[in-house]
Number of protein chains: 2
Amino acid sequence: MSDNPEPLITADSLRAEATTGIIGYRLRRAQLNVFQKFLAVFEDLRLRPAEYSVLVLIADNPGRKQTEIAEVLGIKRANFVTLVHGLEERGLVERSSSLQDKRANALHLTGTGQEFLANARAMHEAMEADLVARLGGQGARDRLLALLDRLT
Amino acid sequence: MSDNPEPLITADSLRAEATTGIIGYRLRRAQLNVFQKFLAVFEDLRLRPAEYSVLVLIADNPGRKQTEIAEVLGIKRANFVTLVHGLEERGLVERSSSLQDKRANALHLTGTGQEFLANARAMHEAMEADLVARLGGQGARDRLLALLDRLT
DNA sequence: CTATTATGTTATCCTAGATAACTAAATTAG
DNA sequence: CTAATTTAGTTATCTAGGATAACATAATAG
């Protein structure tokens, strides 16, 4: 055979406009990308996105109970147990039984947890700044968040 | 006690700006919301987002092999086996061993699959139109997709 | 006081994805 | 051409994220 008489069934690119035009598809792709980046940045700290936001929420709302923190993030309290238990074992979070409600665990950051979070926050802010730059500045970032809000 | 002497530790709303301002967090929220809606719309058809896009891709690219379709959607070929097997069992997709490559399965929609997809496509287009309306029109939708692209 | 509700917990299930190992077929190297 | 390598599909297995059910204990309502 000579070289390439006809394209026949060559491995050329597929027609994918019908899928790539879907808003949900693009949202998912972008979200996966951003989370990938997050995981890479926080690999050394062994911190997942959900764990980071839990630490931030506890820092900004010390003494709150598990259910309250979990609810804000849309995490079921059953699953939150394991998450916060892990943070406690690493010495970042403290669960002290509340005096006003002996059922509840009041959540606080330990000293170690505060140092750890300060570092994590700095790394996250750098990452966020990079995302804003990629978007095209603060204005573009605000427009994106406004558009995303409309989907919620 | 009189009524509310001091707020003390009332169940008022938490300070959550630090988490809700995160681009990744908002992306995830929006994406979950859109997928929720998708699942609701396609509940009767028992069709998941990934399955829908697989059907669309096969329809627009008949005769392609599993690996090609899977790759476009970022699905590992090992996991794609189960997915396409399910669609085959439901009589929507047909796997015919390719003549050019006896290892490969050429994918086609069955007649039933084409009818089924026509219906699913109509439902999806209605849902997509609703999302566009929520965003504020086609222009807003295009701006959103452009912004999302910058994160990829 | 009794019945109901709320908090944290355990156990369990389900789904999405990822990895490793395997077969059969195709392709490349020698 | 044969031998080694690569490719397509498959199976089995593992992990992580979420969802549900049931439970003990404590708080609250009737």
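In this text the structure is predicted, and so the values were computed from the model without any measurement.
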Any pair counted as side chain to side chain donor-acceptor pair (under 3.5 Å), so long as it reaches residues 137-150 of chain B, sequence neighbours left out: Arg26(A)-Asp149(B)
Contact list for residues 35-50 of chain B, test side chain to side chain donor-acceptor pair (under 3.5 Å), sequence neighbours left out: Lys37(B)-Asp130(B)
Residues forming a side-chain contact (heavy atoms from CB on, under 4.5 Å) with Thr110(B), sequence neighbours excluded: Glu94(B), Thr112(B)
Partner set under ring-ring contact (aromatic ring centres under 6.0 Å, His included) for Phe42(B), not counting sequence neighbours: Phe38(B), Tyr52(B)
Where at least one partner belongs to residues 98-108 of chain B, residue pairs that pass salt bridge (Lys or Arg N to Asp or Glu O under 4.0 Å), sequence neighbours excluded: Asp101(B)-Arg103(B)
Phosphate-side-chain proximity, Thr67(A) and dG8(C), N/O vs OP1/OP2 below 4.0 Å: yes
Residue-level proximity of residues 33-57 of chain B to DNA chain D when a heavy atom falls under 4.0 Å: none
Between dT9(C) (P) and Arg103(A) (CZ): distance, integer Å: 13 Å
Selection residues 74-112 of chain A - residue pairs positive for ring pair (Phe, Tyr, Trp, His ring centres under 6.0 Å), sequence neighbours left out: none
Non-neighbouring partners of Lys76(B) that pass side-chain contact (heavy atoms from CB on, under 4.5 Å), sequence neighbours left out: Asn79(B)
Under-4.0 Å salt bridge between Arg90(A) and Glu88(A): no
Chain A footprint on DNA chain D, 5' to 3' - any atom under 4.0 Å from a heavy atom: dG17(D) to dA27(D)
Residue-level proximity of residues 70-93 of chain A to DNA chain C when a heavy atom falls under 4.0 Å: Arg77(A), Ala78(A), Val81(A)
Pairs touching residues 115-126 of chain A that satisfy salt bridge (Lys or Arg N to Asp or Glu O under 4.0 Å), sequence neighbours left out: Asp60(A)-Arg121(A)
Flag, side chain of Glu128(A) to backbone of Ile23(B), donor-acceptor distance under 3.5 Å: yes
side-chain N/O Gln66(A) vs dT9(C) OP1/OP2, d < 4.0 Å: yes
Most 5' of Arg28(A) and Lys65(A) on DNA chain C, judged by nearest nucleotide: Lys65(A)
Nearest heavy atoms of Arg95(A) and Val81(A), plus distance in Å: NH1-O, 4.2 Å
Terminal helix-axis angle for the helix from dC1(C)-dG30(D) to dG30(C)-dC1(D), with five pairs defining each axis and rounding to 10 degrees: 20°
Gap separating the CG atom of Leu148(A) from the CG atom of Leu144(B), nearest 0.5 angstrom: 6.0 Å
Same apolar cluster (I L V M F W Y, side chains within < 4.5 Å links), Tyr25(B)/Val132(A): yes
d(CZ, Arg64(A); C1', dT7(C)) in whole Å: 15 Å
